[in-house]
Amino acid sequence: MRPKVLITDKIDKIAGDILSGVADVDFKDTLPEDELIKIIGDYDGFMVRSQTKVTPKILEACKNMKIIGRAGVGVDNIDLESATNKGIIVVNSPEGNTTAAAEHTIALMLSMTRYIPEADASIKAGRWDRAKFTGTEVFNKTLGTVGLGKIGSRVVKTAVALGMKVLVYDPYITAEKVEELGATHAKSLDEFWGVCDFITIHSPKTKETAYLINKNTLNRMKKGVRIINCARGGIIDEDALKEAIESGHVAAAALDVFEKEPIDPNSPLLKTNGYLVLTPHLGASTEEAQLNVAIDVAEQIRDVLSGKSARSAVNIPSLRADILEPVKEYMNLAENLGLFVRQISEGGIKQVKITTRGILANYDTAPLRVAVLKGILSHSHEGVNYVNAPIIAKQREIDIVDAKSEKSTNYVGLIDVQLITDAGTHTVCGAMIAPKTPRIVKIDDFITSFEIAENILIAPHHNKPGMIARVSTVLGNNSVNISMMMVAKKQEKAGTESTMIMTTDEHIGPELLEEIKQIDGIYDAKSIYLMPEKIKLIFVTIN
Ligand code: NAD
Ligand code: MLT
């Protein structure tokens, strides 16, 4: 029997032409969960845009499903964990709509400055109102860009060509890369907010960027700033934006993405007379982009259904099982070491050095390198996996150095991850202290031994009485429960410095972290998140 593929969300018909050689294709409108559950059991392939939410219940109802294709970049509408658990490959089109989203950003910026939507409505209502729509030029103004990936880079190039001064904040990109595009590198958000006439967002929504634009950061912006968001809803606090527009602090905003999509009819953004230009997530909606993503994803579905591999799988490891076997137990540790070292480092990455010691030095450690890179990159990129982590690292021109040392250590196997950025060097080491018992054993020069936990506070401090009590009091006053606390010291010198390590029940957000940093004697506190259980290694055999 020929395989069957279901295509929803008004994806270009070309996908059907590409797939028709290997499968029977059904095109349907976007369907709700209950209707999809009834029919999805018949299909071997499924292709969606962002409107269809591929929930765990839908995935549970899949009986023959081999592959789900997302005609776009973000896979946040597909429950990846459930898909992976069911052995379903998820593929996307990471670059097919880059140009479209960048052009939409520029279109939003210019529509907002020249009142195009309002002027259009006014003339069509029979008016000839010229004075009312006096705009603002972008020439010579400063455009602040958060995120310099595929879309951000394209926006920056266009803005520079328009004669704008461009300031870029992307803590994961080197200053050289920013300067190559004719822009200026902002080392921190402190030097970013107050100088921009326009701010545009091109980062993914992550723990760090969720509500990045909030009441506090809006207050730090220049009066009259104009904001554009063509990335993801939830990076801007919509209530705070409404208030700032109504008070006149923000002159205008242009948004393509919203916390809730389709937009909630009660959204504060629809209940303001402040100046807003809104579009219904149209960033990728050009004929060319829809053709690109449809072709890209349909070709991958066709290939997988005919027994070949997919080029942009977001959930399937490409590691050989025989090479993986001896180091398998260390994969989760390696990934968390990458995630950890990235979070204690600042600046654009220049080099990652991975040294394996003890028993690990006898094996091919390629899988551990992939796991470390996945950990490092997943802090700043969406959909990083074992397949694409090395590719992203290469695109980012990250130098990767592998080293082995058979010199004995206190542990059977030890992984040492050093990250060199343009802001400095940090090292984190991890070891298996007993079977299935991974521990972080060293942070820079500080010797320690603690479990991989979801929320960790690292607080280097000057050795003096009362430091622990002061930090615990701040956490206690903010109702944060401490589940583990220890003080790490340097191995050799008695020294004047120690590092406090606490694991907490909740993640310590930026405001609380700031309060901790204000404690006299604490000099570089960091709030870290790790993924002790969520990182799973699953192999899928495709028939
Ligand atoms: P990308 O992965 O190429 O680039 C993302 C960049 O953000 C990276 O350079 C990363 O270093 C940076 N970044 C991560 N965390 C950051 C932080 N805390 N502060 C500053 N920078 C940070 O992604 P892309 O393809 O350029 O997409 C960018 C965004 O646009 C994504 O959220 C994507 O989902 C969204 N998107 C929207 C549409 C649309 O229709 N509106 C279309 C395509 C993509
Ligand atoms: C994407 O992630 O590709 C975009 O948000 C575009 C879309 O879903 O239409």
Side-chain angles (χ1 to χ4, degrees), residues 9-12 30 48-53 69-78 92-105 107-108 144-156 167-174 177-178 181 185-189 192 199-213 217 228-235 254-258 261 278-286 289-290 292-294 296-297 312 314 342-343 346-349 376-384 388-389 391-393 395-396 398 421 510:
D9 297 348
K10 301 202 163 42
I11 288 170
D12 196 285
T30 304
V48 298
R49 270 187 78 184
S50 54
Q51 293 94 316
T52 297
K53 309 290 169 234
R70 161 71 166 96
V73 186
V75 283
D76 37 359
N77 57 318
I78 301 173
N92 71 347
S93 174
E95 289 178 17
N97 57 30
T98 300
T99 305
E103 289 185 2
H104 196 65
T105 307
L108 283 177
T145 308
V146 177
L148 192 73
K150 296 183 287 295
I151 298 169
S153 302
R154 230 182 159 89
V155 167
V156 167
L167 182 65
V168 173
Y169 173 73
D170 185 330
Y172 308 107
I173 291 286
T174 59
K177 182 100 194 153
V178 174
L181 296 176
H185 178 246
K187 282 205 196 76
S188 73
L189 285 167
F192 180 88
I199 291 177
T200 182
I201 311 287
H202 300 291
S203 62
K205 185 182 167 209
T206 61
K207 276 198 181 182
E208 267 183 343
T209 60
Y211 280 178
L212 180 72
I213 296 194
T217 51
I228 306 129
N229 185 8
C230 217
R232 276 292 178 266
I235 296 179
L255 310 174
D256 185 47
V257 286
F258 305 90
E261 293 183 11
L278 308 179
T279 52
H281 204 141
L282 293 183
S285 297
T286 62
Q290 286 316 304
N292 290 341
V293 295
D296 194 358
V297 171
S312 302
V314 298
R342 174 70 272 194
Q343 292 176 80
E346 271 148 30
I349 304 175
I376 290 175
L377 294 166
S378 59
H379 184 56
S380 52
H381 289 71
E382 275 176 306
V384 183
N388 63 14
I391 300 165
I392 299 175
Q395 284 166 352
R396 291 271 149 143
I398 298 173
T421 70

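In listed order, ligands and their atoms are each counted from 1.
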Asker: If you measure from each non-hydrogen atom of Ala101 to ligand 1, which part falls under 4.0 Å: side chain, backbone, both or neither?
Answerer: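 Looking at Ala101 and ligand 1, just side chain atoms fall under 4.0 Å.
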Asker: Measure from atom 19 (N) of ligand 1 to every heavy atom in Gly348, Pro171, Pro204 and give the option owning the shortest one.
Answerer: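 It is Pro171 whose heavy atom sits nearest to atom 19 (N) of ligand 1.
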Asker: Regarding ligand 1, does Thr206 bring an N or O atom to under 3.5 Å of one of the ligand's N or O atoms?
Answerer: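 No; every N/O pair is 3.5 Å or more apart.
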Asker: Would Leu148 count as a contact residue for ligand 1, given that I'm defining contact as a non-hydrogen atom of the residue lying under 4.0 Å from a ligand atom?
Answerer: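 Leu148 counts as a contact of ligand 1 under the 4.0 Å cut-off.
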Asker: Looking only at distances, please establish whether an N/O atom of ligand 1 is found under 3.5 Å from an N/O atom of His379.
Answerer: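 Min N/O separation from ligand 1 is not below 3.5 Å for His379.
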Asker: Specify the protein heavy atom at minimum distance from atom 17 (C) of ligand 1: its residue, its atom name, and the distance to 0.1 Å.
Answerer: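 I find the closest protein heavy atom is Thr209 CG2, 3.7 Å.
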Asker: Contact between ligand 1 and Thr98 is defined here as a heavy atom of the residue under 4.0 Å from a ligand atom; is it met?
Answerer: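 The answer is no: ligand 1 sits nowhere under 4.0 Å from a heavy atom of Thr98.
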Asker: Determine whether the side chains of Thr279 and His104 contain a donor N or O and an acceptor N or O closer than 3.5 Å.
Answerer: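 Thr279 vs His104: donor-acceptor pair found between side chains.
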Asker: Any idea which atoms of ligand 1 are less than 4.0 Å away from a heavy-atom of Ala284?
Answerer: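 Answer, ordered by atom number: 40 (O).
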Asker: Does His381, backbone or side chain, put an N or O under 3.5 Å from an N or O of ligand 1?
Answerer: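 The answer is no, given that His381 and ligand 1 share no N or O pair closer than 3.5 Å.
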Asker: Below 4.0 Å, non-hydrogen atoms only: which portion of Glu208 touches ligand 1? Side chain, backbone, both or neither.
Answerer: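 The answer is the side chain of Glu208.
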Asker: Could I get the full list of salt bridge (Lys or Arg N to Asp or Glu O under 4.0 Å) partners for Asp256, not counting sequence neighbours?
Answerer: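 Applying salt bridge (Lys or Arg N to Asp or Glu O under 4.0 Å) to Asp256 gives none.
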Asker: Counting only heavy atoms and a distance below 4.0 Å, can you name the residues contacting ligand 2?
Answerer: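 Residues within 4.0 Å of ligand 2: Arg49, Ser50, Arg70, Gly72, Val73, Gly74, Asn97, Arg232, His281, Ala284.
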Asker: With sequence neighbours left out, write down each residue that passes side chain to side chain donor-acceptor pair (under 3.5 Å) with Tyr172, or none if nothing qualifies.
Answerer: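 Tyr172 satisfies side chain to side chain donor-acceptor pair (under 3.5 Å) with Glu208, His379 only.
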Asker: With heavy atoms of Cys230 as the reference, note each atom of ligand 1 found under 4.0 Å away.
Answerer: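 By the 4.0 Å cutoff, the relevant atoms are 37 (C), 38 (C), 39 (C), 41 (N).
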Asker: Under 4.0 Å from ligand 1, counting heavy atoms only, is it the side chain of Glu95, its backbone, both or neither?
Answerer: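 Near ligand 1, Glu95 shows nothing, with every heavy atom at 4.0 Å or more.
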Asker: Would you say Asp170 and ligand 1 have an N/O pair spaced under 3.5 Å apart?
Answerer: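 Yes; the residue has a nitrogen or oxygen that sits under 3.5 Å from a nitrogen or oxygen of the ligand.
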Asker: Under 3.5 Å between any N/O of Arg396 and any N/O of ligand 1: does that happen in this structure?
Answerer: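 Checking ligand 1 against Arg396, an N or O pair does fall under 3.5 Å apart.
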Asker: Does Lys207 have a non-hydrogen atom less than 4.0 Å from ligand 1?
Answerer: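 Judged by the 4.0 Å heavy-atom criterion, Lys207 does not count as contacting ligand 1.
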Asker: Residues in side chain to side chain donor-acceptor pair (under 3.5 Å) with Thr286, at least two apart?
Answerer: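 Side chain to side chain donor-acceptor pair (under 3.5 Å) check on Thr286 returns nothing, list empty.
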Asker: Is any side-chain heavy atom of Ile349 less than 4.5 Å from a side-chain heavy atom of Arg342?
Answerer: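 Yes, at least one pair of side-chain atoms sits under 4.5 Å.
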Asker: I'd like to check whether Tyr172 has a polar contact with ligand 1, where a contact means an N/O of the residue lying under 3.5 Å from an N/O of the ligand.
Answerer: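 Tyr172 vs ligand 1: no N/O contact under 3.5 Å.
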